[in-house]
Number of protein chains: 2
Amino acid sequence: MYKSVDASTMRRFNKQTVLSLLYQQEQTSRVAISEQTGLNRATVSSLVDELIEEQFVEETGLGVSSGGRKPILLRFNANAGYTIGVDVQITHITTVLTDAMRTVVYENQCQLHTRTHPVTAERLFDVLKEEIGLAIKACPPSPHGLFGIGIALPGMVNYATGHVSYLPNLNITEWPIVEQLSLIYPQTVIIDNDANCGAWSVYMTERIKNLIFINAGIGVGAGIVVNGRVYRGRNGIAGEAGHATISTIGILCSCGNYGCWEQYASEQALARYLREQGLDRNQMDEFSPLFVSRCVRKAQDNVQAYSNSLRLLGDYLGIGIANLLQILNPEAVFLSGTVAEAESILLPEIRRVIHHRGISKNKEMLIKIAPQSTVAVGAAGLALAHSIDIFPSREDNELLS
Amino acid sequence: MYKSVDASTMRRFNKQTVLSLLYQQEQTSRVAISEQTGLNRATVSSLVDELIEEQFVEETGLGVSSGGRKPILLRFNANAGYTIGVDVQITHITTVLTDAMRTVVYENQCQLHTRTHPVTAERLFDVLKEEIGLAIKACPPSPHGLFGIGIALPGMVNYATGHVSYLPNLNITEWPIVEQLSLIYPQTVIIDNDANCGAWSVYMTERIKNLIFINAGIGVGAGIVVNGRVYRGRNGIAGEAGHATISTIGILCSCGNYGCWEQYASEQALARYLREQGLDRNQMDEFSPLFVSRCVRKAQDNVQAYSNSLRLLGDYLGIGIANLLQILNPEAVFLSGTVAEAESILLPEIRRVIHHRGISKNKEMLIKIAPQSTVAVGAAGLALAHSIDIFPSREDNELLS
DNA sequence: CAACATGGTTGAGTTGTCATACCAATTATC
DNA sequence: GATAATTGGTATGACAACTCAACCATGTTG
């Protein structure tokens with residue numbers, strides 16, 4: 001609980017400061033690092049030498065000078081090592097392999113649920129092994145090899161314990177998945193909720209310290225970054241905003257309650273709106289992964305039922321997002337998941353609702369779309385951040401003022 | 001942005017570790033501190049000597065031994081200095097003076113809004129000066145004197161900038177109150193939302209790192225503590241959960257929207273429920289500060305309209321709290337404000353609703369009542385924490401692993 | 001009263017940063 | 001083209017703060 005600081009802690013801390021600065025900047029020099037960190041030039045030299053020795057950093061030539069010796073340019077070594085990220089969705093699995101700078105160097109999709117192989121924990125485990133195996137094969141040689149494996153799961157999982165509590169649409173409960181995978185892979189293995197992975201992914205690239213990532217597909221979940229770290233709450237189930245009530249006398253939800261946001265802002269809700277607009281099930285293939293994009297196409301073709309339904313979806317997304325804004329007043333909100341494919345119709349609606357329902361500064365909240373690969377890359381990023389400390393969350397730590 | 005650590009930073013850090021440990025424990029010895037912090041005994045001795053020199057710590061005699069020299073007991077010096085906390089409510093102001101251990105040594109209440117003096121920013125400012133002046137007079141002599149002044153305000157205020165944005169029921173907008181007060185008082189002056197002060201107060205005593213404090217009176221607001229610090233969001237307006245929608249087609253709120261939680265879980269809501277139960281305004285003095293406690297009295301006397309209304313209030317409180325739980329999954333929730341006076345009726349209802357609506361572990365969430373003085377003490381505590389670092393929020397800082 | 005146990009202090013040793021002087025390399029100036 | 005000025009990077013000693021180990025100080029136990 002109480003931690004002491006000695007000389008070696010001090011050095012580790014400073015070394016990570018230098019490393020994380022190098023991670024964020026394309027090219028820098030020793031003197032530039034010294035100026036930005038406040039560390040003495042001698043100290044920076046010594047730390048950089050160590051980092052070069054460890055192959056986390058490379059010298060890449062000389063920079064320009066304005067009357068003096070040219071600086072030796074330094075760069076974080078993207079090839080230092082690799083990380084695997086897996087995004088488990090209900091119908092399929094996306095696996096990525098990223099280098100240390102989080103550039104995707106390999107990507108693969110596979111079906112999870114097929115007629116011959118319905119989903120069970122065993123089936124999921126087998127597919128994971130298979131997919132991770134493929135990614136490992138695709139991993140280029142590097143000084144640090146594979147840093148770790150991060151898995152994003154759609155449901156309630158506990159990052160801290162590595163236990164899956166409940167994956168609603170996959171019918172999996174109480175499963176110590178990290179424990180099992182760790183028997184196979186010696187590297188760091190971590191799991192997290194898919195929205196948390198997405199939120200972390202966005203944080204890594206955007207460096208927005210307080211943000212919300214909304215993953216809206218079959219279900220609706222939120223990932224929350226507070227002060228530059230994923231907020232998971234006591235049991236790792238923070239962000240289950242899909243099961244917050246937006247209508248006290250609303251529709252029955254799979255969770256047993258009435259009026260959950262998820263019942264108004266998910267793919268299922270979209271299908272219901274379409275039915276309410278007079279379409280019957282056969283017309284709309286609501287179980288296809290392409291459901292939403294087909295709806296968008298139809299709306300663009302001016303089929304009223306579709307555009308009406310999508311706008312309604314946008315309204316309800318906006319109401320739920322506005323609620324999150326009132327509670328969390330973040331710096332930005334990112335929307336992802338299959339539903340995000342309808343951004344052209346949803347975003348204006350969401351922005352309108354937020355401008356109307358939001359209080360004060362929340363009216364002008366930044367709402368953006370995040371690409372589909374965000375979650376998988378975020379899963380990899382969580383494993384990466386677990387291995388090397390390049391995402392400091394200590395900027396406003398008063399103790400280091 | 002990037003901070004370096006040198007020997008003096010290291011020492012400051014360790015000194016604060018020692019001080020915060022002393023702050024939390026009644027009595028300790030140098031060796032015990034050494035064991036708990038991992039710091040060498042020599043280092044602890046040196047740090048403690050400095051703290052004694054600065055009069056933050058006292059030696060208070062000898063402890064018991066089990067076969068050896070008796071330890072010299074150390075104690076945080078409660079008399080090191082004092083802090084003023086002010087809780088501004090719509091009808092009145094509570095001012096407290098606390099010692100360095102947050103024990104209240106002086107308390108005063110005064111009317112804010114009177115027939116001869118309606119509330120304006122000037123009026124509030126005058127009353128604040130008056131009340132703070134009285135508290136300063138009550139401040140006993142001490143080595144550090146007055147650490148600072150903290151003011152809790154009912155509305156949207158920005159802790160970071162010291163600006164009041166909007167106090168809805170006091171009709172005050174855009175007011176640089178800290179700036180003005182700092183012209184008068186040389187000490188630290190800080191402001192914050194009342195629920196934030198309450199949340200901080202609870203954190204200080206309970207040391208629950210992730211909690212929600214709900215202040216339900218005329219309005220409803222939440223204070224959020226994440227990772228041992230108050231979470232305020234981008235503009236300092238996080239926690240405005242009273243303006244989250246719980247009913248999309250609900251009642252019109254003062255904020256202009258429909259279905260805000262505040263319209264179902266505040267004193268005003270209680271008054272409405274009573275009216276809906278057939279009571280007319282004259283019977284229920286809804287503008288008295290004693291409104292809620294009188295309602296409780298009547299409910300205890302088995303007047304059905306009152307017990308029904310209070311139960312309804314409890315249900316809606318429960319719905320809104322459940323929403324916060326799904327989103328934040330905290331470790332505990334504390335309820336305060338005038339409405340909390342009906343705890344005997346509300347708490348069972350709230351717990352029932354949460355058990356019903358909460359997902360997974362949220363069902364068993366700890367819900368407690370916090371006393372009315374919490375907010376004022378928290379305001380003082382914020383100013384205290386601003387002056388001396390005894391509430392470290394760095395326990396799981398990976399950098400110091 | 002000796003043996004042992006525990007709390008606290010002292011002084012040497014270690015680690016790591018800082019300041020300063022210095023070398024290296026390049027541009028500007030005479 | 002030689003020299004001065006400028007900027008980047010390195011080596012060395014001073015300094016600060018922590019650790020370690022030995023040593024007092026003061027107990028309790030047999």
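Chain A is the first sequence line, chain B the second, and so forth, proteins listed ahead of strands; every chain is numbered from 1.
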A.B. asks: Ignoring hydrogens and angles, answer whether the base of D/dG27 and the side-chain atoms of B/Arg69 contain a donor-acceptor pair closer than 3.5 Å.
C.D. replies: no
A.B. asks: Is B/Asn14 close enough to D/dC18 that one of its side-chain N or O atoms is under 4.0 Å from OP1 or OP2 there?
C.D. replies: yes
A.B. asks: Ignoring backbone atoms, test whether B/Ser45 places a side-chain nitrogen or oxygen under 4.0 Å from the OP1 or OP2 oxygen of C/dG8.
C.D. replies: no
A.B. asks: Quick one: on DNA chain C, does A/Asp6 or A/Ala42 contact a more 5' nucleotide (nearest heavy atom)?
C.D. replies: A/Asp6
A.B. asks: Regarding B/Ser46 and B/Asp49, do their side chains bring together a donor and an acceptor under 3.5 Å, going by distance alone?
C.D. replies: no
A.B. asks: Just call it for B/Ser8: base, sugar-phosphate, or nothing, with non-hydrogen atoms closer than 4.0 Å on any strand.
C.D. replies: sugar-phosphate
A.B. asks: Which label fits A/Phe56 and A/Phe147: parallel for a plane angle under 30°, tilted from 30 to 60°, or perpendicular past 60°?
C.D. replies: parallel
A.B. asks: For the side chain of B/Leu62, counting heavy atoms from C-beta on, which of C/dT26, D/dG27, C/dG7 is nearest?
C.D. replies: D/dG27
A.B. asks: Has A/Ser65 got a side-chain N or O lying under 4.0 Å from the OP1 or OP2 atom of C/dT27?
C.D. replies: no
A.B. asks: Remember a base hit wins even if backbone is also touched, and classify A/Asn40 as base, sugar-phosphate or nothing at under 4.0 Å, heavy atoms.
C.D. replies: base
A.B. asks: Counting any heavy atom closer than 4.0 Å, what does A/Leu74 reach on the DNA or RNA strands: base, sugar-phosphate only, or nothing?
C.D. replies: nothing
A.B. asks: Is there a side-chain polar atom (N or O) of A/Arg30 under 4.0 Å from OP1 or OP2 of D/dT10?
C.D. replies: yes
A.B. asks: Scan B/Arg11 against the nucleic acid and name what it touches under 4.0 Å (heavy atoms): base, sugar-phosphate only, or nothing.
C.D. replies: sugar-phosphate
A.B. asks: So, does A/Ser29 get its side chain near the phosphate of D/dG9, meaning an N or O under 4.0 Å from OP1 or OP2?
C.D. replies: yes
